[in-house]
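This report concerns only the one structure given below.
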Amino acid sequence: MTVVDAHIHQWDPLTTPREFSGLAKLFRYVPLPMDIAKRLAPRRDREFVGDPTPFVHPYLPADYREDAGAVPVEAIVHIEVEWNGPGRLAQADETRWVASLPFGVDTPALGAIVGAGDPAAPEFAELLDAHQAASPRFRGIRARVEYHPDPDVRAHCAAPGALTSAAFLNGFSVLAERKLSFEAWVYSGQLPEVTALAGRFPDATIVLNHLGTPAGIFGPVGDDTGQNPGQRRELFVRWRDDLTALAAHSNVVAKVSGLMMPILGHPVPPRGRPTPVPVLVERISPLLHHALDVFGPERLLWGSNFPVDKPITSIPNAAAAVATSLTEHGANAAALEQVFRTTAQRVYGIDDL
């Protein structure tokens with residue numbers, strides 16, 4: 001069985017405008033030991049990235065191929081990542097740049113591109129035109145709407161409600177009319193907002209990123225998140241119930257991705273020593289088992305979230321942990337093929353590779 005990796009990032013902060021380009025260039029000209037740099041970074045950034053090393057270097061198709069190792073990845077889906085160029089329609093430049101990368105020669109094929117965009121912005125329809133003109137592989141957008149009530153958990157929005165504002169909903173209707181998908185990267189407390197959006201636009205495809213990112217579910221992060229087993233249990237129960245409500249909407253699919261993000265509370269192992277698969281399986285199984293129960297394999301799709309998850313795991317370990325956990329909960333070979341391949345092919349329209 002070949003695999004579609006439905007969630008990776010490509011970047012070159014030295015030659016393209018990213019929010020972290022300044023940091024990358026600083027390290028290029030004023031090299032500091034990474035461990036010292038990590039200690040100097042704000043706590044919310046340290047806890048989010050775990051290890052800043054992947055963010056200060058380019059991550060391109062050959063880097064991904066090396067990281068994928070023996071995992072038989074046939075195609076990837078690129079997800080936007082902090083493009084910060086000038087101009088109202090600059091985010092379409094990321095789509096154009098990704099389409100120009102050397103995928104599909106001795107690397108996996110480029111299956112789809114999910115670009116950046118803010119449905120609340122007045123030029124949103126024009127931006128979608130620009131994305132679609134930039135590449136025929138453009139399939140949808142991801143907006144920066146993540147919010148967390150703990151101010152020491154890294155987030156883009158300072159207040160809740162981004163998914164329910166009138167401006168956002170007006171723009172979202174344009175996305176839905178064009179049959180483009182929406183990638184919802186939110187923290188788990190925002191799941192009811194995603195559920196409301198799915199109910200309001202039942203014909204729009206909504207892709208929940210990272211099973212809703214329950215920050216702190218594996219260990220303490222921020223000022224007061226996941227600080228003890230009781231808090232983590234409460235977080236799990238709320239996540240479980242909210243995910244169940246979201247899964248009742250058939251237009252929503254969920255990505256089995258980002259489960260090794262440091263912000264979930266994983267301890268960061270020494271560089272080059274990924275967390276062992278049995279340890280990962282023990283941590284992520286309660287989340288995966290519930291997701292399989294409520295979404296079914298036909299509405300789950302796997303993504304490595306590389307290189308963001310690299311401080312915690314490797315791509316082979318991540319894939320093995322997910323496959324092991326799902327198998328332990330009754331997923332057979334056909335179900336695994338849906339999660340690791342066919343759901344992504346359907347959602348992103350990449351059967352023509």
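If you read the sequence from its start, that first residue is 1, and numbering goes on from there. Only a predicted model underlies this, so the values are computations on that prediction, with no experimental measurement involved.
Side-chain polar atoms of Thr213 and Trp185 form a donor-acceptor pair below 3.5 angstrom. Side-chain contact, Gln231 with Asp224: a donor N or O sits under 3.5 Å from an acceptor N or O.
Counting side-chain heavy-atom gaps under 4.5 Å among Ile, Leu, Val, Met, Phe, Trp and Tyr, the cluster of Leu89 also holds Leu127. Through direct or relayed side-chain contacts under 4.5 Å between Ile, Leu, Val, Met, Phe, Trp and Tyr, Tyr147 connects to no other residue. Residue Val277 shares its hydrophobic cluster (ILVMFWY side chains chained together at separations under 4.5 Å) with Val281.
Applying the salt bridge (charged side-chain N to carboxylate O under 4.0 Å, His left out) definition to pairs two or more places apart or across chains, those involving residues 303-317 are Asp67-Lys310. Among residues at least two apart or in separate chains, salt bridge (charged side-chain N to carboxylate O under 4.0 Å, His left out) pairs with a member in residues 87-101 are Arg18-Glu94, Arg88-Glu126, Asp93-Arg96.
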Could you give the side-chain donor-acceptor pairs of residues 101-112 under 3.5 Å, partners two or more places apart or in another chain?
unit_1: Asp106; atom_1: OD1; unit_2: Arg65; atom_2: NH1; d: 3.2
unit_1: Asp106; atom_1: OD2; unit_2: Arg65; atom_2: NH1; d: 2.8
unit_1: Thr107; atom_1: OG1; unit_2: Pro102; atom_2: O; d: 3.0
unit_1: Thr107; atom_1: OG1; unit_2: Gly104; atom_2: N; d: 3.0

When the side chains of residues 251-267 are checked against the rest of the protein, which donor-acceptor pairs come out under 3.5 Å, sequence neighbours left out?
unit_1: Asn251; atom_1: ND2; unit_2: Ala198; atom_2: O; d: 3.4
unit_1: Asn251; atom_1: ND2; unit_2: Phe201; atom_2: O; d: 3.0
unit_1: Asn251; atom_1: ND2; unit_2: Ala204; atom_2: O; d: 2.9
unit_1: Lys255; atom_1: NZ; unit_2: Ala6; atom_2: O; d: 2.8
unit_1: Lys255; atom_1: NZ; unit_2: His7; atom_2: ND1; d: 2.9
unit_1: Lys255; atom_1: NZ; unit_2: Glu183; atom_2: OE1; d: 2.9
unit_1: Lys255; atom_1: NZ; unit_2: Tyr348; atom_2: OH; d: 3.1
unit_1: Ser257; atom_1: OG; unit_2: His210; atom_2: N; d: 3.3
unit_1: Ser257; atom_1: OG; unit_2: His210; atom_2: ND1; d: 2.7
unit_1: His266; atom_1: ND1; unit_2: Arg283; atom_2: NH1; d: 2.7
unit_1: His266; atom_1: NE2; unit_2: Leu259; atom_2: O; d: 2.7

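Listed by chain and residue number, Arg178 satisfy the salt bridge (Lys or Arg N to Asp or Glu O under 4.0 Å) test with Asp129 (two or more places apart in sequence, or in another chain). For His329, the side-chain hydrogen bond (donor to acceptor under 3.5 Å, both in side chains) criterion is met by Asp293, not counting sequence neighbours. Applying the side-chain hydrogen bond (donor to acceptor under 3.5 Å, both in side chains) criterion to Asp12, with sequence neighbours excluded, gives Thr15. Taking Thr205 as the reference, nothing meets the side-chain hydrogen bond (donor to acceptor under 3.5 Å, both in side chains) condition, with sequence neighbours excluded. Partners of Ser173 by side-chain hydrogen bond (donor to acceptor under 3.5 Å, both in side chains), not counting sequence neighbours: none found.
Follow the hydrophobic side-chain contacts under 4.5 Å out from Val73 and you reach Leu60 in the same cluster. In the hydrophobic clustering of ILVMFWY residues, with side-chain heavy atoms under 4.5 Å counting as a link, Ile312 and Val279 come out apart.
The shortest heavy-atom contact between Pro58 and Asp63 is O-OD2, 3.6 Å. Contact detail for Thr225 and Gly216: the closest heavy-atom pair is CG2-CA, 4.1 Å. Scanning all heavy atoms of the two residues, the minimum distance from Ala134 to Thr95 falls at CB-CG2, 3.8 Å.
At a threshold of 4.0 Å, the pair Arg154-Glu146 does not count as salt-bridged, since none of the basic side-chain nitrogens sits closer than that to a carboxylate oxygen.
Atom-to-atom distance recorded for Phe236:CZ and Leu287:CG is 6.0 Å, nearest 0.5 angstrom. Rounded to the nearest 0.5 angstrom, Met1 CE and Phe340 CZ are separated by 6.0 Å.
Tested against Thr195 for a side-chain contact (heavy atoms from CB on, under 4.5 Å), the candidates Gln190, His249, Arg200 yield a single pass: His249.
More than 12 heavy-atom neighbours from other residues, nucleotides or ligands sit within 6.0 angstrom of CD on Glu328.
Looking only at distances, a side-chain donor or acceptor of Trp11 sits under 3.5 Å from a matching main-chain atom of His57.
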